[in-house]
Amino acid sequence: MITLTFPDGAAREYEAGISGYDIAKGISSSLAKKAVAVKVDGVMVDLVEPLNEGGAFEIVMRDDEDALELIRHDCAHVMAEAVQELFPGTQVTIGPTIENGFYYDFYRDEPFSLDDFAKIEKKMGHIIDRNDKFTKRVMSRNEAKQMFADMGEDFKVELIDAIPEEDDVKIYNQGKWFDLCRGPHLPSTGKVGKAFKLMKVAGAYWRGDSDREVLTRIYGTAWANQKDLDEYLVRLEEAEKRDHRRLGREMDLFHFQEEAPGSVFWHPKGWRLFTTLIDYMRRMQEKAGYTEVNSPDMMDRALWEQSGHWEKFRENMFITETEDDRVFALKPMNCPGHVQIFKNGLKSYRDLPVKLAEFGKVHRYEPSGALHGLMRVRSFTQDDAHIFCTREQITEECIKVHNLMLSIYKDFGFEDLRIKFSDRPEKRVGSDDVWDDAEKALKHAVDKAGDEYELNPGEGAFYGPKLEYVLRDAIGRDWQCGTVQMDFNLPGRFDAFYIGSDSDKHTPVMIHRAMFGSLERFAGILIEHHAGHFPLWLAPLQVVICTIKSEADDYAYKVAEQLRAKGMHVDVDTRNEKINYKVREHSVSKVPVILVIGMREVEEETVNIRRLGSRDQTSMTLAEAIDSLSKEATPPDLR
RNA sequence: GCUGCCGUAGCUCAGGGGUAGAGCACUCCCUUGGUAAGGGAGAGGCCGGGAGUUCAAUUCUCCCCGGCAGCACCA
């Protein structure tokens, strides 16, 4: 007998080997009809699977959140069958679920085109209408391998080899078609429903290895019902509207062009956003005890050889050679420059910690396929800083950085963030002892700060472990921005030292940290996060004053002058256009505040305020307006 | 970098072997109008670059450059 505990807390005894379906049927036949799977101790199991262990028990219905996973996975299987039926000779590989849908990777000489989608979707519809039962069988390893080998499914053979010894090799059938699969599945293909859509084709490497075959991946989305699918498609459209590349053009912030792939041409308004970010960060760092420096953009290759970058990243560096045969590299990072500044002049332990900050523009020859608007560029500006300190100071300094990080993100409205801890990668410099110490020190600091973090094994920098700060934006996407990296290696490689209280030379520890990460990228994130509707302090053009008739122009200029005197960014629109036209135009370009000035305002010394995104208008005296707008436009750290 | 798709006016896009079209934006004229597009006229293009096929290429083929989606990469 096994004991199953139902969600309401009731525990019931059943014969071992009973299936979820039988249990459901024992409760009511309509329940059995609606059930698609069961969950035992949180693990999803096929509805017809004999249960031999007790535990927390739950019946999963098709409309449940948990069933979505099954719908999507089964949809992937249905798609794979449709593809193999329509395109004989295509090999199947893997087809997992992902956020909002699924994909399946196929191997075929000829790639699929978007035009094939309609055909495949139609065939999928037939398979779903056929409503074949999903049935499972367990095979021996060799039997299964032989079977797939006979079918010419070489990738499946490789997959079977990768299944851990202790696990069964399971095959799921839907009608005659079958696939190697861990399961679980819905009872039958009909339960998949028709709320699915194939979305895109793309290449993907077999097993994520760029040295292996390129497969054709078809992405699809699937939902419990048509309404959810439609809503998802609308969400995608909405996300597209806030694409920073599109808004960058619409709001006249920046552009890219062929001659400078991966480098930004910042327009006046975009650059104002950029400098607003720098001004803010400069104030925050000043308060936190950093000193700002500037290091050369180009340095001799010898320095990069010494740092280890030449060996590891040479192919991603911009190199120049001069008439006298010297080889220079555009800096891909600021650390070596900062170490040179630290080394210049003898440092005492009394000087530590030394915190050098730089808004350093770095160049990296990123692979062409990686470029993506402002998010991934070949030349970008880091809010970089390096803290040189003693081992004893590490914890305190890390905690300071951590707290600074949190307060900064808060100022930008990012409250939801995650922290990842990345430890030693395979390719690295420095001995294991040093890595042990560095990892321990960094971990100790986060633990002491009391914030939770998740492990990200093997993802550290080549010179040390790191913390990564991941922000969640307004539509739930994650962006890794800040990073703190513990470095026990580079200072030694560069022979940096300080004189300790014992009069001996000691190698300082170097903490690398950036908070925006890349200013370009952070600007892009802010554009998408706010969908272009910036809070007033970030808006590059804060107020446009629109006149209704030209007799109001003089007063409009006076209002502008007074707002500018408070440091605000203001335009005056006195064009001979209707007020509707002006309001529309400035709303489209996302100016947060429109002041409308007609004869009424001139006579009463008032302004009429219209905020972006609202049809409401409010009137107030000029003095009141200037006071409230300039307060709102003050950066959060100066309020 | 890899796979696929794309590149026509500032933007969004139509067209198609005989050297080009719309809407918006732009310039000028009329209109001074109270909260998301007033009317009229005009200007604007080496159809991404190079080679090939052809009597003829923006259109077809190949190469290159750039972009998009995904993969790989990301100090």
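Excluded from the calculations below are hydrogen atoms, water molecules and symmetry mates; all remaining heavy atoms, backbone and side chain alike, are included. Only a predicted model underlies this, so the values are computations on that prediction, with no experimental measurement involved. A note on names: the letters A, B, ... follow the listed sequences, proteins ahead of strands, and every chain is numbered from 1.
- Between the side chains of A:H569 and A:Q542, no donor N or O sits under 3.5 Å from an acceptor N or O.
- One atom, OH of A:Y107, and another, P of B:U3, lie 12 Å apart when rounded to the nearest Å.
- Comparing A:E259 and A:D243 against RNA chain B, the residue whose closest nucleotide sits nearer the 5' end is A:E259.
- One can place CD1 of A:I94 at 12 Å from P of B:C71, the figure rounded to the nearest angstrom.
- Here B:C73 is the nucleotide among B:G48, B:A75, B:C73 with the atom lying nearest to any side-chain atom of A:P367.
- One can place CZ of A:R376 at 13 Å from P of B:G70, the figure rounded to the nearest angstrom.
- Rounded to whole angstrom, the span from the CG atom of A:N316 across to the P atom of B:C73 amounts to 12 Å.
- Paired regions of RNA chain B, where each region holds three or more successive Watson-Crick or G-U pairs whose two hydrogen-bonding distances fall under 3.5 Å, are B:1-7 with B:65-71, B:10-13 with B:21-24, B:26-30 with B:38-42, B:48-52 with B:60-64.
- The distance from atom NE2 of A:H386 to atom P of B:A75 is 13 Å, rounded to the nearest whole Å.
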Report summary line: For nucleotides 34-43 of chain B, 5' to 3', base contacts (B), sugar-phosphate-only contacts (S) and non-contacts (-) with protein non-hydrogen atoms under 4.0 Å give BBBBB-----
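- Following rounding to the nearest Å, A:N489 (CG) and B:A75 (C1') show an atom-to-atom distance of 13 Å.
- When each of B:C74, B:A69, B:G4 is scored by its nearest atom to the side-chain atoms of A:K200, the top-ranked nucleotide is B:A69.
- Of the possible donor and acceptor atoms, none in the side chain of A:N489 sits under 3.5 Å from a partner among the backbone N and O of A:G464.
- Across the interface with RNA chain B, nearest-nucleotide mapping of A:F112 and A:D209 shows A:F112 to be the residue nearer the 5′ end.
- Not one side-chain nitrogen or oxygen of A:S550 sits closer than 4.0 Å to the OP1 or OP2 atom of B:U32.
- Protein atom CZ of A:R246 is 17 Å distant from nucleotide atom C1' of B:G10, rounded to whole Å.
- Counting only heavy atoms from C-beta on, A:Y219 has its side chain closest to B:C71 among B:G48, B:C71, B:A75.
- Considering only side-chain atoms of A:E258, the nucleotide from B:C2, B:G66, B:G70 that sits closest is B:G66.
- The phosphate of B:U32 (OP1 or OP2) has no side-chain N or O of A:R575 nearer than 4.0 angstrom.
- Listed pair A:K582 / B:G33 fails the phosphate criterion, with no side-chain N or O lying under 4.0 Å from OP1 or OP2.
- Of the candidates B:A75, B:C2, B:G67, B:C2 carries the atom nearest the A:Y205 side chain, counting heavy atoms from C-beta on.
- Taking 4.0 angstrom as the limit, A:R249 places a side-chain polar atom (N or O) nearer than this to OP1 or OP2 of B:U12.
- The CD1 atom of A:I218 sits 14 Å away from the P atom of B:C5 (whole-angstrom rounding).
- Taking the P atom of each, B:C5 and B:C63 are spaced 13 Å apart, rounded to whole Å.
- Checking side-chain atoms of A:R207 against main-chain N and O of A:D209 turns up no donor-acceptor pair under 3.5 Å.
- Taking the six-membered ring where the residue is Trp, A:Y469 and A:Y409 present tilted rings, their angle falling between 30° and 60°.
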